[in-house]
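Since we're looking at a predicted model, the values are computed, not measured. Chain naming here is simple, since letters A, B, ... match the order of the sequence lines and numbering starts at 1 in each.
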2 protein chains.
Amino acid sequence: MTTNTSKGYDPADYPPFAVTVDVVIFTMVDGALSVLLVRRGQEPFAGMWAIPGGFKLPTESLDDAARRELREETGVDAASLLVQFGAYGDPGRDPRMNVVTVAYLAVLRDLEGIVAGTDAADAQLVPVERIVRGKVALAFDHRRIVRDAVERVRRDLESTGLATAFVGPTFTLSELRAVYEAGWEVELDGANFRRAVTAAAGWVVATGKRAAPGAEGGKPPELFRAGRAWKHGAPIRRPRNTTRGGR
Amino acid sequence: MTTNTSKGYDPADYPPFAVTVDVVIFTMVDGALSVLLVRRGQEPFAGMWAIPGGFKLPTESLDDAARRELREETGVDAASLLVQFGAYGDPGRDPRMNVVTVAYLAVLRDLEGIVAGTDAADAQLVPVERIVRGKVALAFDHRRIVRDAVERVRRDLESTGLATAFVGPTFTLSELRAVYEAGWEVELDGANFRRAVTAAAGWVVATGKRAAPGAEGGKPPELFRAGRAWKHGAPIRRPRNTTRGGR
DNA sequence: AATGGTTCTGGTCGTCAAGACTCTTACACG
DNA sequence: CGTGTAAGAGTCTTGACGACCAGAACCATT
């Protein structure tokens with residue numbers, strides 16, 4: 001074992017990099033987990049779809065840079081959620097120079113309306129399934145980044161309060177359940193789901209109000225808001241359809 | 001919403017950064033999850049303890065850089081595990097320049113012997129608990145990095161085959177159980193643990209051999225090797241001692 | 001007003017995983 | 001040959017979870 005001699009600090013010693021921050025912005029579009037893509041204006045990959053991103057400034061933290069990119073691209077100031085999930089620095093991932101990018105995933109609620117107000121040639125919301133399966137070509141290594149982001153979302157649904165970021169400040173249990181169903185690609189029984197989140201206090205708090213019944217009719221559902229317990233976990237676990245033991 | 005105009009490519013446009021890779025190297029030291037610390041030889045923070053790290057080269061990937069650092073610091077070529085878990089770039093985290101570091105966590109098995117062969121003033125294995133609680137002062141923001149790494153280990157124990165990286169190619173169920181107990185700071189019943197990992201095929205494969213009984217005597221335990229199922233998950237879940245609902 | 005359709009909401013029931021616990025087996029040591 | 005120790009096997013209870021059914025509350029249509 002050698003001692004740590006590697007961090008020499010002659011400024012000529014270290015190779016310069018550009019550091020960028022890319023943000024995978026998720027939202028729910030009629031029951032499908034979707035991400036925001038923007039069309040690139042410049043080379044390289046001009047005209048191609050990509051996830052939003054930009055250079056980090058020396059005066060801001062990585063989190064700040066991600067927040068700034070989010071605001072610049074969507075006008076939204078505070079995302080429901082913004083988490084870092086990976087860094088990408090393969091040689092040649094940017095054809096022009098050494099770029100290391102730090103990837104964030106964000107969750108927004110009302111993105112659909114915002115995107116509808118822009119030129120459809122410049123921004124669109126695409127179901128993750130289409131990106132994962134390669135139906136849409138993305139610039140750089142952005143397809144891999146999106147894939148990793150989706151993977152992270154699936155995990156965090158089970159271990160964090162991520163799901164609440166997809167719904168509004170008040171929500172029905174059906175809406176919340178739909179988030180899990182879309183993220184995990186499963187079907188959950190409504191009655192069992194209700195029991196899981198209402199059995200213990202701290203997950204959802206009844207507001208006493210009711211939402212308007214859907215277009216299809218039906219009993220008007222209760223409105224809830226998120227409790228504090230989400231800070232430390234999730235009320236339900238991902239079903240293991242694979243009979244324990246994998247394969 | 002604006003279109004993506006942020007990635008201008010005039011080389012004078014983007015602020016230069018140094019990119020480093022830091023590795024939190026975990027190993028088990030008599031039942032305690034521990035990390036490798038090395039003493040810094042140069043400024044800044046000369047003489048202080050830190051986790052190993054160094055500059056990324058433009059010709060290598062981030063993963064390659066992490067592997068290289070691991071080899072340079074420990075002489076070990078292939079770690080049992082090497083995963084990226086975070087990037088850190090707060091302004092001022094390095095007093096001399098703009099540095100963004102990408103953090104990896106590694107798991108090694110026989111590190112104790114390697115460290116014993118070096119000058120104790122240059123490298124040591126420290127239980128994570130001492131670092132988390134701030135008993136050891138670390139350079140840069142390395143304490144935070146180690147804390148995040150520990151958090152990641154705890155999670156990955158439940159959702160990946162991380163635990164098998166701590167044990168040898170063949171192992172007893174007690175050894176494997178000890179990994180979970182140390183990582184989660186819980187006690188697991190030996191009989192129940194055995195049932196969990198042997199109930200379904202694919203987790204552990206009996207080799208037919210038996211290890212020598214411990215110094216304390218007792219029935220000599222069976223030796224197993226890891227099966228393929230670990231690729232996709234873990235055989236046991238972290239006990240929820242908090243009576244569901246957190247708070 | 002009655003009927004059928006839809007969704008929410010509460011209840012039941014069987015299955016199975018998870019823990020707690022006990023007992024047997026196989027070694028070392030004196 | 002007993003005694004101590006840890007591995008390994010068995011039993012039992014609890015409760016979580018999923019599948020399913022039934023009633024309640026609303027809408028739309030007749």
Side-chain angles (χ1 to χ4, degrees), chain A residues 30-31 158 167 170-178 180-181 184 186-201 203-224 229 233-246, chain B residues 30-31 157-158 167 170-181 184 186-201 203-224 229 233-246:
Chain A
D30 38 64
E158 188 169 3
V167 297
T170 72
F171 51 86
T172 69
L173 294 188
S174 286
E175 290 170 354
L176 188 62
R177 178 165 52 90
Y180 286 99
E181 293 182 332
W184 288 340
V186 297
E187 285 193 7
L188 302 173
D189 180 82
N192 293 333
F193 183 81
R194 159 176 284 264
R195 236 199 326 268
V197 297
T198 58
W203 295 115
V204 294
V205 183
T207 64
K209 298 177 184 175
R210 288 180 172 277
E216 314 284 294
K219 180 174 179 177
E222 280 184 272
L223 279 176
F224 295 86
I236 68 166
R237 286 176 157 172
R238 184 173 189 170
R240 299 198 164 180
N241 36 11
T242 61
T243 54
R244 191 174 201 192
Chain B
D30 38 65
L157 276 179
E158 187 168 5
V167 298
T170 72
F171 51 87
T172 69
L173 295 189
S174 285
E175 289 169 355
L176 187 63
R177 179 165 53 90
V179 173
Y180 287 100
E181 293 181 332
W184 287 340
V186 297
E187 286 192 7
L188 302 174
D189 181 82
N192 294 332
F193 182 81
R194 161 175 281 267
R195 229 163 345 109
V197 298
T198 57
W203 296 114
V204 293
V205 183
T207 63
K209 300 176 182 177
R210 289 179 171 276
E216 316 282 294
K219 180 174 177 175
E222 281 183 88
L223 278 176
F224 295 86
I236 68 166
R237 286 177 157 173
R238 183 173 189 171
R240 297 196 166 181
N241 36 11
T242 63
T243 54
R244 190 175 201 196

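- To the nearest 0.5 Å, the span separating CZ on A:Arg194 from OG on A:Ser174 amounts to 9.0 Å.
- Side chain of B:Pro239, nearest nucleotide from D:dG18, C:dG19, D:dC26: C:dG19.
- Between the CD atom of A:Glu187 and the C1' atom of C:dT7 there is a distance of 15 Å, rounded to whole Å.
- For C:dT7, the OP1/OP2 oxygens have no side-chain nitrogen or oxygen of A:Ser174 closer than 4.0 Å.
- Nearest-nucleotide positions on DNA chain D place A:Asp189 closer to the 5' end than the other of A:Lys219 and A:Asp189.
- Considering only the side chain of B:Ala191, D:dG10 comes nearest among C:dG10, D:dG10, D:dC27.
- One atom, CD1 of A:Ile236, and another, C1' of D:dC17, lie 11 Å apart when rounded to the nearest Å.
- The phosphate of D:dA9 has OP1 or OP2 within less than 4.0 Å of a side-chain N or O from B:Arg194.
- Closest to the side chain of A:Glu216, from the set C:dC8, D:dA9, C:dT7, is C:dT7.
- Closest non-hydrogen pair, A:Pro220 versus A:Pro213, comes out as CB-CD, 3.9 Å.
- Between B:Arg238 atom CZ and C:dG19 atom P there is a gap of 13 Å when expressed in whole angstrom units.
- Although no hydrogens or angles enter the test, the distance criterion places a donor-acceptor pair under 3.5 Å between the side chain of A:Glu181 and the main chain of A:Leu188.
- Between the CG atom of B:Leu223 and the P atom of D:dA7 there is a distance of 12 Å, given to the nearest Å.
- Remark: C1' of D:dG10 and CG of B:Asn192 are 11 Å apart, rounded to the nearest angstrom.
- Atom CZ of B:Arg237 and atom P of C:dA18 are 8 Å apart (whole Å).
- One atom, CZ of B:Phe224, and another, C1' of D:dA7, lie 10 Å apart when rounded to the nearest Å.
- Where B:Pro221 and A:Leu188 each meet DNA chain D at their nearest nucleotide, the meeting point lying more 5' is that of B:Pro221.
- When the side-chain nitrogen and oxygen atoms of B:Arg210 are compared with OP1 and OP2 of D:dG8, one or more of them lie within a distance under 4.0 Å.
- Summarising the geometry, atom CG belonging to A:Leu176 is positioned 10.0 Å from atom CZ belonging to A:Phe224; distances are rounded to the nearest 0.5 Å.
- A heavy-atom distance below 4.5 Å is found between the side chains of A:Tyr180 and A:Pro235.
- At whole-Å resolution of the value, CZ in A:Phe171 and C1' in C:dC8 are 16 Å apart.
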